[in-house]
Amino acid sequence: MAATVLISALLLFLLICSSNISNSEKTRRPEPCKRLVVYFHDIVYNGKNAQNATSAIVASPAWGNKTTLATPNFFGDVVVFDNPLTLDNNLRSTPVGRAQGFYLYDRKDFFSAWFGFSFLFNSTRLKGAINVAGADDITKTTRDLSVVGGTGDFFMTRGVATLTTDAVEDDRYFRLRVDVKLYECY
C-alpha cells in the first residue's frame with residue numbers, strides 16, 4: 001500500500017514537472033536568424049498621376065471606380081502594386097528592392113485589408129525574394145503578417161513581417177515601416 005502511494009506521488013510529481021517544462025518552452029521565443037527593416041512606399045493611381053503611381057485599383061465594387069477608393073472603408077477594392085523599398089523613410093532614397101503584389105480591402109464594417117506580396121532584392125548586398133501574406137487590421141498600430149517563404153538569400157525562410165504605418169496622405173500615398181524577422185534561415 002505504501003509503495004502504491006509512493007509511486008502515485010512520484011508519477012504526479014513527474015507530470016507536474018513535465019507540464020511546467022512544456023509551458024516554459026511555449027512562452028520562450030527564439031531569436032531571429034536574420035532581421036531586416038525596410039520602408040514600403042505606395043502611391044495609388046488617381047487618374048492624374050500615371051507617371052508617379054506605383055499601384056493601381058484593378059477591381060472595385062459596383063458603386064466604386066478605378067481612380068478613387070470606394071466608400072465605406074474601401075471595401076471591395078483590389079489594388080496591385082510595384083512599390084520601391086528603401087532603408088529609410090525617404091521616398092527619394094536609393095531603392096534596395098521592390099515590393100510586388102496586391103492588397104484587397106476585405107471588411108465593410110471597418111478598415112482592414114489582406115496582403116499578398118514579395119519583397120524582391122537584386123543588389124550586391126541582398127539577392128532573392130521574401131514572400132509575405134496575411135490580414136492587415138489597419139486600425140492597429142502594428143500588425144504581423146506571415147513570412148511564408150523565399151528564394152535566393154532567403155531560401156525557404158519563415159518568419160514575421162511587422163507592419164507599422166509610417167505616413168498617410170489622403171488615399172493617394174502611404175508608407176509602411178516593415179520589420180522582417182526571419183526564424184528559419186538556410
Side-chain angles (χ1 to χ4, degrees), residues 36-122 128-152 154 156-182:
L36 176 66
V37 175
V38 293
Y39 288 83
F40 170 117
H41 305 268
D42 189 82
I43 304 167
V44 181
Y45 173 70
N46 65 7
K48 302 174 194 152
N49 63 347
Q51 190 74 19
N52 297 324
T54 62
S55 64
I57 304 166
V58 296
S60 60
W63 64 88
N65 65 57
K66 295 196 175 96
T67 58
T68 305
L69 292 164
T71 56
N73 300 317
F74 311 149
F75 176 70
D77 284 325
V78 178
V79 180
V80 297
F81 60 86
D82 179 15
N83 295 329
L85 292 176
T86 61
L87 294 177
D88 62 25
N89 63 3
N90 185 347
L91 175 61
R92 306 275 183 240
S93 294
T94 304
V96 295
R98 306 291 298 176
Q100 296 175 332
F102 70 95
Y103 52 93
L104 55 97
Y105 293 99
D106 59 350
R107 295 287 303 260
K108 193 172 187 178
D109 54 343
F110 72 92
F111 205 40
S112 175
W114 196 92
F115 273 94
F117 61 90
S118 296
F119 286 154
L120 304 171
F121 299 95
N122 189 14
I130 298 173
N131 303 313
V132 180
D136 180 13
D137 181 352
I138 301 165
T139 62
K140 294 186 178 169
T141 304
T142 62
R143 295 88 67 193
D144 290 331
L145 275 62
S146 300
V147 173
V148 297
T151 62
F154 311 101
M156 291 182 57
T157 194
R158 302 283 186 276
V160 175
T162 302
L163 307 180
T164 306
T165 303
D166 193 56
V168 176
E169 291 178 20
D170 302 321
D171 58 357
R172 298 171 312 198
Y173 172 79
F174 68 85
R175 179 177 60 236
L176 298 177
R177 179 185 185 275
V178 185
D179 184 358
V180 180
K181 295 176 277 308
L182 304 176

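Treat the numbers as computed from the prediction; the structure is a model and nothing was measured. Heavy atoms only: backbone and side chains are in, while hydrogens, waters and symmetry mates are out.
Every side-chain hydrogen bond (donor to acceptor under 3.5 Å, both in side chains) that Asn83 has, sequence neighbours left out, goes to Asp42, Thr54.
Between Ile43 and Leu91, some side-chain heavy-atom pair lies under the 4.5 Å cut-off. Side-chain contact check for Tyr45 versus Lys66: every heavy-atom pair is 4.5 Å or farther apart.
Here the closest non-hydrogen pair linking Ala99 and Phe81 is O-CD1, 3.2 Å. In terms of heavy atoms, Val44 sits closest to Asn49 at O-ND2, 3.0 Å.
Rounding to the nearest 0.5 Å places CG of Asn46 at 6.0 Å from NZ of Lys48.
The only option from Tyr105, Phe110, Tyr103, Phe74 that meets the side-chain contact (heavy atoms from CB on, under 4.5 Å) definition with Ile138 turns out to be Tyr105. When each of Asp144, Asp179, Thr142 is tested with Thr162 by the rule side chain to side chain donor-acceptor pair (under 3.5 Å), just one qualifies, namely Asp144. When each of Thr86, Leu85, Leu176, Asp88 is tested with Val38 by the rule side-chain contact (heavy atoms from CB on, under 4.5 Å), just one qualifies, namely Leu85.
Using a distance-only test at 3.5 Å, with no hydrogens or angles considered, a donor-acceptor pair links the side chain of Thr151 to the main chain of Ala129.
Using cut-offs of 30° and 60° on the angle between ring planes, the pair Phe119 and Phe117 is tilted. Taking the six-membered ring where the residue is Trp, Trp63 and Phe75 present parallel rings, their angle staying beneath 30° rather than reaching 60°.
Arg143 and Thr165 are linked by a side-chain donor-acceptor pair at a separation below 3.5 angstrom, with hydrogens and angles left out of the test.
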